[in-house]
Structure formats: structure tokens, C-alpha cells
Amino acid sequence: LISSFYNMVDTIYVGHLDNTESSAAVGVAFSFMALIQAIGFFFGHGSGNFISRSLGNKEYDKAKNMAATGFFLPIAVGTLIMVLGLLFTTPLSRMLGATETALPYTTSYLRWLLLGTPFMMSSLVMNNPLRLQGSAQIAMVGITFGAVLNIALDPVFIFKLGMGVGGAALATIISQFISWLLLLGGCAQKGNISISLKNLSPHIWQFGEIVRCGLPSLCRQGIASVAVIALNWAVKGYGDSAIA
């Protein structure tokens, strides 16, 4: 619910701008956010499931190793996506279904989102192991606070600072980063497995566990992204208002 709320709030505020292209850009970018969420759930559910079972078996070292791998691996993957996305923002925007008139607004929105991709993905990863360790309230507060902050920051960046649709994306990634910090702090609280670089010792079996337990989430959430992209392509011939 909260993940969708980011895009919903951006849409409401951007809808007050004097052009339809900005609203269309947010709609197009939603499919990218859904894809980032799908990859985040893939790592989060994959590693969190193993951590939960390891704690139940009192295999604490294995749980700590997987927690470190599950945290740092999506940051690396998110950074790769960020770099490639920034290099090919225009082709990416077209692939997602942006029209030529909405293309400048879509690229403006996506560039900011791409900068926050490692944190967006990592937040979803930390959220899942926290819940699977029994710290559901900490996970909820961390995720929810960012969405509430986004409501306050959106009008500042969009209207006060005159950044338009790009300001909506900037507000989103700042809010996501604050959520990331809160969740990271939650992992350090007593009773939870803290994230530590010294526990990072990636092995092939860890990747196998992440794939085995995380692939269903990737497919389930990823198909939503594919569906939105397909809808964008289906209606883009009718103009930006149809996509918006």
C-alpha cells in the first residue's frame, strides 16, 4: 500500500501543474518503480525467508551472513541499474511507453528516481527480514514515515522551488532515503540482526536460496510492471491525456 502511495501522492500534486505531460510522465514512471519494487522483494523475501529459518534452527552465523549478503547485493544491483539507467534514460523512457511530447518530463522524473534506486531497493530488502524476525512495527514505521514525509516534501519541490515533475521525484527519493536510514537503525536495535560488512561472505548457495525463495515474488510483482508498460503502449496513440 505504501509503495503505491508514493506514486499516488506524486500524481495528485503533479496534476495541479498546467500540463498533461507531467501527469503522463508520472504514470509512465510508475512501471519503473514497480520493477524496482519487484527486484527489492526478490532480494528481501529470498534472504528474509532463509534468515527466519536459520534463526529458528539457531544457526546465527548463517543468518548474519545472509543478512549482509541480502543487504549489500541489492545495493550493488541497484547501483548498476542506476548507472545504466542514467546512461540510457531516453531509450528507457520510450521503452516504458512515453510519448514524444511527454518524453522530456519522463526523463526528468526518471533521472531523479534512478539516483535513488539503490536506496529504494535496499529499503524493501530490510523491510522484509525485519518483519520475518518479528519486528513488524519497526518495519512499518520505517516504510510509512517516508511516505508521510513525501506528502510534505512534494509541494515544496514542485511548487515552491519550481522544479515541476522532477521535484516530485526528488521528494520521493529523499523520503525513500530517510526510510532507508530508519530501517537501517531498526536492524541495529537489540534482538535484530545488525547489518555488518564483516559478515559479508557471499557464497553460491546464498544466491541459490535467494533465487529459490525470492523468484515467486519477482514474478508476481514484476508482472504488474509489464502490465502497466503494455497499457501505456496500448493507449499512447491516443495522446498524453490517455496515459495520464
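These values consider heavy atoms only, across backbone and side chains, with no hydrogens, waters or symmetry-generated copies.
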Apply salt bridge (Lys or Arg N to Asp or Glu O under 4.0 Å) to R111 and list each qualifying residue two or more places apart in sequence or on a separate chain. none
Donor-acceptor contact present, side-chain T144 to main-chain V141, <3.5 Å: no
Would you say R94 and E100 make side-chain contact, with heavy atoms under 4.5 Å? yes
For S54 and K62, which heavy atoms make the closest approach, and how far apart are they? OG-CB, 4.1 Å
Would you find a donor on one side and an acceptor on the other, under 3.5 Å apart, between the side chain of W233 and the backbone of M95? yes
Is the side chain of S122 donor-acceptor paired with the backbone N or O of F119 at a distance under 3.5 Å, no angle test? no
Carefully, step by step, assess V28 and V228 under the rule side-chain contact (heavy atoms from CB on, under 4.5 Å). CA-CA 8 Å; V28 170; V228 174; over 6 Å; no
Using modelled atom types only, decide if a donor and an acceptor are shared between the side chain of H45 and the backbone of F43 within a distance under 3.5 Å. no
Side-chain touch F41/V125, heavy atoms, less than 4.5 angstrom: no
Under the criterion side-chain contact (heavy atoms from CB on, under 4.5 Å), I'd like the reasoning laid out for L86 against L115: C-alpha separation, chi angles, the key distance, then a yes or no. CA-CA 8 Å; L86 289 173; L115 288 173; 3.9 Å; yes
Result of checking V226, N7, I229 against S31 for side chain to side chain contact (heavy atoms under 4.5 Å, CB included): I229
Are L113 and T117 close enough that some pair of their side-chain heavy atoms sits under 4.5 Å apart? no
Give the C-alpha distance, both sets of side-chain angles, the deciding distance and a yes or no for side-chain contact (heavy atoms from CB on, under 4.5 Å) between F50 and R212. CA-CA 10 Å; F50 180 84; R212 186 171 70 89; over 6 Å; no
Going by atom type alone, with no hydrogens or angles, which donor-acceptor pairs under 3.5 Å involve a side-chain atom of residues 152-162 and a protein atom two or more places apart or on another chain?
none

OG1 of T107 to CG of L92: how many Å apart, nearest 0.5 Å? 10.0 Å
Do any N or O atoms from the side chain of S135 and from the backbone of I138 form a donor-acceptor pair under 3.5 angstrom? no
Indicate whether any N or O donor in one side chain lies under 3.5 Å from an N or O acceptor in the other, for T69 and Q206. yes
In the single-linkage hydrophobic clustering (I, L, V, M, F, W, Y; side-chain heavy atoms under 4.5 Å), do I39 and F30 co-cluster? no
Where is the tightest heavy-atom contact between I178 and F145, given as atom of each residue plus distance? CG2-CE2, 3.6 Å
Pairs of donor and acceptor atoms involving the side chains of residues 70-79, under 3.5 Å and at least two apart or interchain, shall be tabulated with distances.
residue	atom	partner	partner atom	Å
T79	OG1	I75	O	2.7

Without swapping roles, check the side chain of S52 against the backbone of G48 for a donor-acceptor pair under 3.5 Å. no
Give me the atom names and distance for the closest heavy-atom approach of N127 to A139. OD1-CB, 3.1 Å
Could you check whether atom NE2 of H16 has more than 12 heavy atoms from other residues, nucleotides or ligands sitting under 6.0 Å from it? no
Please determine, by modelled atom types, if S123 and W180 share a side-chain donor-acceptor pair under 3.5 angstrom. no
Interatomic spacing from CD1 in I51 to CD in E59 - rounded to 0.5 Å: 13.0 Å
For a side-chain hydrogen bond (donor to acceptor under 3.5 Å, both in side chains) check, start with the C-alpha distance between D240 and T20, then their side-chain angles and the critical distance, and finish with the verdict. CA-CA 6 Å; D240 295 323; T20 308; over 6 Å; no
Could E209 and R53 be called an ion pair, given the rule that one side-chain N must be under 4.0 Å from one carboxylate O? yes
Spell out, as yes or no, whether a donor-acceptor pair under 3.5 Å connects the side chain of S179 to the backbone of G142. yes
Looking at every non-hydrogen atom in both residues, tell me the closest pair between A98 and T106 and how far apart they are. CB-OG1, 3.7 Å
Can you give me the closest heavy-atom contact between A25 and Y105, atom names plus distance? CB-C, 3.6 Å
Answer yes or no: does atom NZ of K64 have more than 12 heavy-atom neighbours from other residues, nucleotides or ligands under 6.0 Å? no
Y109 side chain to A29 main-chain N or O, any donor-acceptor pair under 3.5 Å? no
Is the backbone N or O of D61 less than 3.5 Å from a side-chain atom of N65, with the two atoms forming a donor-acceptor pair by type? yes
So, taking the atom named CG in N150 and the one named CG in D10, what distance separates them when rounded to the nearest 0.5 Å? 5.0 Å
Under 3.5 Å, is there a donor on one side chain and an acceptor on the other for S22 and N19? yes
State whether the side chain of S175 and the backbone N or O of A171 hold a donor-acceptor pair below 3.5 Å, judged by distance alone. yes
Search all heavy atoms of N232 against all heavy atoms of I243 and return the closest pair with its distance. OD1-CG2, 3.9 Å
